[in-house]
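Okay, structure first, notes after.
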4 protein chains.
Amino acid sequence: MEPSMKEKIMKHSIRLFESKGFSEASIQDIVNTLGVTKGTFYYYFSSKEELLTQIQLNYIDYMLEEQQRIIEQPDRTWKDKLSEVILMTIQAIEDRGSSARIFFRELLHITGDSLDLIKKKRDQFRLNVQSIIEQGMESGEFRDDLPAEMVAFSILGACNWCYTWFKPDGSKSDTEVAAVYTEMFLNGLKL
Amino acid sequence: MEPSMKEKIMKHSIRLFESKGFSEASIQDIVNTLGVTKGTFYYYFSSKEELLTQIQLNYIDYMLEEQQRIIEQPDRTWKDKLSEVILMTIQAIEDRGSSARIFFRELLHITGDSLDLIKKKRDQFRLNVQSIIEQGMESGEFRDDLPAEMVAFSILGACNWCYTWFKPDGSKSDTEVAAVYTEMFLNGLKL
Amino acid sequence: MEPSMKEKIMKHSIRLFESKGFSEASIQDIVNTLGVTKGTFYYYFSSKEELLTQIQLNYIDYMLEEQQRIIEQPDRTWKDKLSEVILMTIQAIEDRGSSARIFFRELLHITGDSLDLIKKKRDQFRLNVQSIIEQGMESGEFRDDLPAEMVAFSILGACNWCYTWFKPDGSKSDTEVAAVYTEMFLNGLKL
Amino acid sequence: MEPSMKEKIMKHSIRLFESKGFSEASIQDIVNTLGVTKGTFYYYFSSKEELLTQIQLNYIDYMLEEQQRIIEQPDRTWKDKLSEVILMTIQAIEDRGSSARIFFRELLHITGDSLDLIKKKRDQFRLNVQSIIEQGMESGEFRDDLPAEMVAFSILGACNWCYTWFKPDGSKSDTEVAAVYTEMFLNGLKL
DNA sequence: AATGAATGAGATTTCATTCAT
DNA sequence: AATGAATGAAATCTCATTCAT
């Protein structure tokens, strides 16, 4: 089945927002790439901000679902789950890099309830990582002399930062990067 | 001596760019906060982009200088130097958070030679971290079975990410955060 | 049928450009006379220069068509054709004086390919006059001891210059002026 | 003796006004070419319009003087005098083309008394030509069945038009062009 | 479901001019 | 005789949005 007009608008917007930035990409730019007119855009979205909101929700909802899937797996150690979350985060940058970049860069342009909602979900993603760490500490898999919150921030920071440099066709694959990151965070640099 | 008009413009612009975003903060906004006219702005800066360029260069030049100072210290281990760079990066977010946020978020709005220059300096900062790691590996302070480039990316990512959440008046000071991050990266999570 | 918005904009612009000059007449001036907003202007023209280009092309295309019509007439002597071109040129100043004045005065404000195109057409108009003279020389209607190019320049110069002084409601009609000019150029001043 | 600052400003302005147009050439452009600041400009000229006025007066005063010199010569026929005026006009375009182009193109930007004065002088130049023709008619050198005013307009038009195409380093010299024009106006095209 | 015309507010930028020094 | 800082008015152009069809 052919993608709907709404899906096409979102897909092309993501590309444009990524390359030009949200403010610089105009509605006209978006509809030009689709060969339709501005009226069409406003038939599907009530405003430019609403489009951005949907793009961001699409991304964070996907991330939360994937994370949930990992967390809910039975018979897995916390180390395994942490490792899988790291891999998933980096894979998402490989698969959905444009959305990721927009997500991290263009939060400023969302206001009101949507902003609250997205912030809540973004925090949830982080708290879920923190929870893995806390449970791994309790179970004795992780050392418990570090504040779980800071640990979560540092792991997420390192992973999310990949959106600034990771290239799908670069010299390291997403799996390789995730492996190095996991090893780093579990065992550290020191001999 | 009171600050020059040019310095005042830069200072107020940084605040505005941080809170509203580069595109959304207008020249009018900037000069309003200073009680001068748009003509004055253009007397000191040839364009809005040039102002942004100067803000970014100010920031990255400061960072490179600080980094250089740390690297050049004699009688220090590589572990010490890495640890100091981590602390310095997080301190910079405490001291110059607005500039940092602008630096990471608004690169898109710089073009031409300035863009090349800033990218080169940004890369230099990362390569300097990578070089510390490589030399620590050679000297036997760090394990040498991980790719130094990835290690540098992960450490910088974690530190830079602080600009998204670190609050100077929060529950953890910059020194505390830096201590946790250093411990994490050196010794890892595992028991 | 009432004229389209685009036609109205062109018509009013011509008046304004003539009286105030291209640079001094602003888009605001133009839309004020029409009671619409600047957005409307930019809906129809991508820039002020594009509007000027269209005005100029309108004029020179009209002139070339009229000239072509005269040249293609069968059973006419070259003297007749020259005489008709002189009349037509002066009549155009009567009918389209504003466009003519803009055409001769504001070429400077056109750039790029449009400038090349307009220059080519302007040259074509002159070369067509030159061709009439050359053919009249060959056929023995005109003396052939003068360079046709100079002759064409002098005739066109005299005719075009009329835009600087000719007033439709003055003491001499366009036909009368054209008659004197024709007589001058054919038979000269000397007794 | 070195040219005064005022002369330097005028000289450089003429070049700039010719190439960019009066409105498009800014005071800043002018002072940039001289390596001074705007204050200097306003020390010598009270406004941009005054500068233009002086340029135009310089030109037309020169033209009137030259014309006067020719007219006042004793022992010359009217034919000779007409012929000399034609030559002088074309020579002025060779020597002072930039001023000529500015003179004909930028009258619009002069207002008030200066405008009246310049118009009066410009008319005087034309009336002087007309007077030569009238006296030549009375003396029997020229046919007297054509209106002297039209004849003057046509001759001046042809000569002045040269500023649109005449190039000092082109294939015809000013003397050659003037010779053709004189021959044309005296004897006409017809065999 | 989509178009095309129009709006209106605001953006960046330019520039002649002034004035204290 | 000249500078440097500042003004203020206006210029071109952009763009999200609306609405009748």
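FYI, side chains are in, hydrogens and waters are out, and symmetry mates aren't considered; it's all heavy atoms of this structure.
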Between atom [atom1] in [X] and atom [atom2] in [N], what is the gap in whole Å?
| X | N | atom1 | atom2 | answer |
| --- | --- | --- | --- | --- |
| B/Glu50 | E/dT12 | CD | P | 15 Å |
| D/Ile30 | E/dT17 | CD1 | C1' | 14 Å |
| C/Leu34 | E/dA5 | CG | C1' | 15 Å |
| B/Tyr42 | E/dT12 | OH | P | 6 Å |
| C/Phe45 | F/dT14 | CZ | C1' | 18 Å |
| D/Leu51 | E/dT17 | CG | P | 11 Å |
| A/Tyr43 | F/dA16 | OH | P | 22 Å |
| D/Ile9 | F/dA2 | CD1 | C1' | 11 Å |

By the 4.0 Å heavy-atom rule, please label [X] as base, sugar-phosphate, or nothing.
| X | answer |
| --- | --- |
| A/Thr40 | base |
| C/Ser26 | sugar-phosphate |
| C/Phe41 | nothing |

* Where the side chain of B/Gln56 meets the backbone of B/Thr53, is there a donor-acceptor pair that is under 3.5 Å apart? -> no
* **Under-3.5 Å donor-acceptor pair between A/Lys48 side chain and F/dT17 base** => no
* Look at the side chain of A/Lys38 against the base of F/dT17 and say whether a donor-acceptor pair falls under 3.5 Å; ignore hydrogens and angles. => yes
* Is it possible for you to check whether C/Lys6 lies under 6.0 Å from the centre of the six-membered ring of C/Phe45, through NZ or CZ, and within 45° of that ring's axis? => yes
* To do: Examine B/Arg96 relative to B/Tyr59 and say whether NZ or CZ is less than 6.0 Å from the centre of the six-membered ring and inside a 45° cone about the ring axis.
  => no
* To do: Nearest-nucleotide wise, let me know which of C/Glu24 and B/Gly39 is further upstream toward the 5' end of DNA chain F.
  => B/Gly39
* Structure fact -> By the Watson-Crick or G-U definition, both distances under 3.5 Å, E/dT21 is matched with F/dA2
* Asked: What is the pairing partner of E/dT12, taking Watson-Crick or G-U wobble pairs with both distances under 3.5 Å in any strand?
  -> F/dA11
Of the candidate nucleotides [options], which contains the atom at the shortest distance from the side chain of [X]?
| X | options | value |
| --- | --- | --- |
| B/Ser47 | F/dT17, E/dT13, F/dT3 | E/dT13 |
| D/Tyr44 | E/dT7, F/dA2, F/dC13 | F/dA2 |
| A/Ile27 | E/dT13, F/dA2, F/dA16 | F/dA16 |

* Structure fact -> By nearest-heavy-atom nucleotide on DNA chain E, the more 5' of B/Ser46 and C/Met5 is C/Met5
* Asked: Are A/Lys48 and A/Phe22 close enough that some pair of their side-chain heavy atoms sits under 4.5 Å apart?
  -> yes
* **D/Ile60 side chain reached by D/Phe103 side chain, heavy atoms, under 4.5 Å** => yes
